[in-house]
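What follows is a set of notes on a single structure, which appears directly below.
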Amino acid sequence: MIPSSSSTYLSQLNDVQRAAVTTTEGPVLVVAGPGSGKTRVLTYRIAYLIEQGVAPWEILALTFTNKAAREMKERIEKVVGPRANRVWAGTFHSLFARILRVEAEHIGYPSNFTIYDTDDSKSLIGVLIKEMNLNKDNYSVNSVRQRISSAKSNLITPKLYQQNEELMNQDRMSRMPAMHKLYAAYTARCKKAGAMDFDDLLYRLYELLQAHPDVLKKYRDRFRYLLVDEFQDTNHLQYSIVRKLVQYDGSPRNICVVGDDAQSIYAFRGATIQNILDFENDFQKFNIQVFKLEQNYRSTEHIVQAANEVITNNSRQIQKKIWSDKGDGQKIKVIKAMTDNEEGKRIADTILEQKNRYHLANKEIAILYRTNAQSRVFEEYLRRYNIGYRVFGGLSFYQRKEVKDLIAYLRVVVNPQDEEALRRIINFPKRGIGNTTVSKITELAIRQDISMYDAVIQFPASGRTRSNLDGFIDIIESARKRLDSANAYEIATLVAKKSKLEDHYKKDNSIEGMGRQENFESLLNGIQAFVADDTTIDTDTLPDSSLATYLQNIALLTDFDEKDPEQADHVTLMSVHAAKGLEYKSVFVSGLEEKLFPSFMSMDSPDGLDEERRLFYVAITRAEQFLTLSYANARYRYGKMTYNEPSRFLTEIPPIHLDNTANLRGVSSQSRAPMGPPAARVTGHFKRRQANPTAPVIDPKDFKPSPSGDIAAGMYVLHLKFGKGKVIHIDNGVAQIHFKSVPNPDKKIMLKFAKLQIVE
DNA sequence: AGGGCGCGATTTTTT
DNA sequence: ATCGCGCCCT
């Protein structure tokens, strides 16, 4: 029954790792270089604690991403079995949300409070700017949100903000003198809406612990052992909470933080490596133990040494030298390209070559970039080469309009005070409640100091407007009535029908519309799965399949958290940020140009530049065996061609680690040649093994859409995604076309939008 | 009230 | 280049 004894897994650790695992009492700082077995140390430490008799629920393990939390839980489970589920392991945001749900009443929130995502926050700020008659040219929603967010992350209340001369001065200088009023108003409105934004999940918890000693004591007693992963990415507020939980008289101070200052890449949103330094100071007199994990088990030496060299260009860092015993390995390749397009082609070519020569699987390969917008070229070429790929990041499933629409209805059902959700759906799908009515309702709400939902109910209006409003109220109320008796899925389907959302999306048969239908349906399926998989283990929280629980779960999810069918053999495309914590046999780091990587946003300050360099450090240390860096002399940005120098980071790698053969055939005639299919020998070899063999291959360069008016029934046309198809008939601007080479060959396409080329 | 059109801004990363 | 927003027209 016991999955494995401690001796088994402890023997898998090196001396430093083992010491970090078995030093369970008192404060511990683990400085963990890339690939040094950090996750292994964390999970084994928890497993070890449990074997030493610590109850799983006395352990609080805070991570930064859901992915990291899940991975950790899975790995603990492998060692100690199902007990692992009782460990409080999760992200700061999700665990704190869970606690806040239980304790909400203490701070005047409903336990089914809404979580506002960044879009909701921005939308509310926009509304407030308008309401307060501020000039929206001076008050940009983004900078206001940023300032509010960083105020909260530094424990500055609206009141303290107003008393802070420095902040107030900054605001005056940037022509936002009413900033503090906005902050106060924003806070009040969130509270009134029963809503917390991402920062509130931390900030309100801090307040709660601060103001309620009994609650604080409860969690201090409960969590006897704390662990924090990726400590370099925590902000001041997060550390303050952690400190509150462990730093007090009589505390055993069993806290272990793991991090790497060289991999801190979230300073832009308030993370500070100062926390690591503070941690050392704060726990100095409590016999803090520091362990440095310096052996890299991931990469070969050229890669490791290059990383070491690069990071020495940063001004301050914790001294450490990463080393590897995996041998020299391959040198780092550099691809120079004329254009971003050529960069894409050359990388795709190199991928084919590597697959051929080293028998790499797609999933052992990743292409990384600084900004998500760069993924496009790579997608194009990988598609043409029939290499399966998957893009991470960008718009997450839960940010899609059709998904947010239904979610918004559900949010209002659970919490009618949720103003942002209400605003989104009050007239969507259209039901004759126009802007005029909505702003009158808003005024009423403000004047009477009631919620917007109550204002909708009370709004005095004549015939049609009134009955439209009643129609809306009825949708919400009929679902609310069933909140206690029905599960999340039943309510969701009811709302989808009654609101006419389902109809709205079903009747749109354009390509995009069908995608939305699919998303809409998979949202409903997801809710059904949630209901079916009712496995909440916590006794504290409401272990149920209720709508409220569902909403709180998904609010903190991102794309990454979709269960990836791990078998799928695809090349991974993602931003460098998203790649943190991952590793691949072969890694391509693209777009190494000044103003792109490093980003122009960060170039003017030394701190910004240091962060970009750490980002580069993270990027190259993802590679196990093959590392390829690339840049282009010219690339399209914001619709026009831009020219940039190669990134300074390239010159920071000593040439001894670089493979210069790539340079020799760098900017040659071949790179200027029009894009043709890759060498037949190479494609031919791999084509058979690729996923998605039906995807047609059309060179976008050869594609010239015909005027939509020229298209008639009976013609053969080309479509970029679906390939060749026959136009069956055209009805009211919508063509029915049969594409024989795709799984669902019959498509309805709106001629107005679709780009089709007549071929015969 | 709703739909269409044109302009403008936006583009670093994410819980 | 793409998207969203606001304005104007019906």
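Throughout, protein chains are lettered first and strands after them, A, B, ... in sequence-line order, and every chain is numbered starting at 1. Values in this document were obtained by computation on a predicted structure and should not be read as measured data.
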Self-check item: Closest-nucleotide ordering on DNA chain B, the 5'-leading residue of A/His93 and A/Thr371
Solution: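 Mapping each residue to its closest nucleotide by heavy atoms, the 5'-most match is A/Thr371.
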
Self-check item: 5'-most by nearest nucleotide on DNA chain B - A/Thr436 or A/Phe600
Solution: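 Here A/Thr436 is the residue nearer the 5' end.
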
Quiz item: Among the nucleotides B/dT13, B/dT15, B/dT12, which one has an atom lying closest to any side-chain atom of A/Ser602?
Solution: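 Shortest atom-to-atom distance from the side chain points to B/dT12.
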
Quiz item: Among B/dG2, B/dT15, B/dT11, which nucleotide sits nearest the side chain of A/Asn142?
Solution: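 Nucleotide nearest to A/Asn142's side chain: B/dT11.
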
Quiz item: Stacking check: are the rings of A/Phe268 and B/dT13 less than 5.5 Å apart at their centres and under 30 degrees in tilt?
Solution: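 Taking the rule of under 5.5 Å and under 30°, the ring of A/Phe268 does stack on B/dT13.
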
Would you classify [X] as touching base, sugar-phosphate or nothing, given that sugar-phosphate means primed atoms plus P, OP1 and OP2, and contacts are heavy atoms under 4.0 Å?
X	value
A/Phe92	nothing
A/Tyr266	sugar-phosphate
A/Asp199	nothing

Protein-nucleotide distance ([X], atom [atom1]; [N], atom [atom2]), rounded to Å:
X	N	atom1	atom2	answer
A/Arg376	C/dC3	CZ	C1'	12 Å
A/Gln146	B/dT13	CD	C1'	11 Å
A/Ile433	B/dG2	CD1	P	9 Å
A/Tyr636	C/dA1	OH	P	7 Å
A/Asn553	B/dT15	CG	C1'	15 Å
A/His577	B/dT11	NE2	P	16 Å
A/Arg70	B/dT15	CZ	P	12 Å
A/Phe428	C/dG4	CZ	P	13 Å

With a 4.0 Å limit, can you tell me whether [X] has a side-chain N or O closer than that to the phosphate oxygens OP1/OP2 of [N]?
X	N	answer
A/Asn468	B/dA1	no
A/Asn372	B/dT12	no
A/Ser94	B/dT15	no
A/Thr63	B/dT15	no
A/Thr437	B/dA1	yes

Quiz item: Are A/Arg376 and A/Glu379 ion-paired here, with the side-chain N under 4.0 Å from a carboxylate O?
Solution: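 Salt bridge: no.
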
Self-check item: Carboxylate-amine/guanidinium contact A/Glu419 A/Arg423, below 4.0 Å
Solution: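 The answer is yes: the pair qualifies as a salt bridge.
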
Practice problem: Check each of A/Arg635, A/Arg370, A/Arg648 against A/Glu593 using the salt bridge (charged side-chain N to carboxylate O under 4.0 Å, His left out) test, and report the only one that passes. | Solution: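 When salt bridge (charged side-chain N to carboxylate O under 4.0 Å, His left out) is applied between A/Glu593 and each of A/Arg635, A/Arg370, A/Arg648, only A/Arg635 qualifies.
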
Quiz item: C1' atom, B/dT12 versus C/dC5: distance in rounded Å?
Solution: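 It works out to 24 Å between them.
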
Self-check item: C1' gap between B/dT13 and C/dG4, integer Å
Solution: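 It comes out at 22 Å once rounded to the nearest Å.
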
Practice problem: Write out all pairs satisfying salt bridge (Lys or Arg N to Asp or Glu O under 4.0 Å) with one or both partners inside residues 261-271 of chain A, taking only residues at least two apart or from two chains. | Solution: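 Matches after skipping sequence neighbours: A/Asp261-A/Lys320.
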
Quiz item: Can you check salt bridge (Lys or Arg N to Asp or Glu O under 4.0 Å) on A/Asp229 and A/Lys38, steps first, answer last?
Solution: CA-CA 9 Å; A/Asp229 190 15; A/Lys38 178 197 67 164; 3.3 Å; yes

Quiz prompt | Test of ring centre spacing under 6.0 Å for A/Tyr266 and A/Phe64 | solution =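 Ring-ring flag for A/Tyr266/A/Phe64: true, centres closer than 6.0 Å.
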
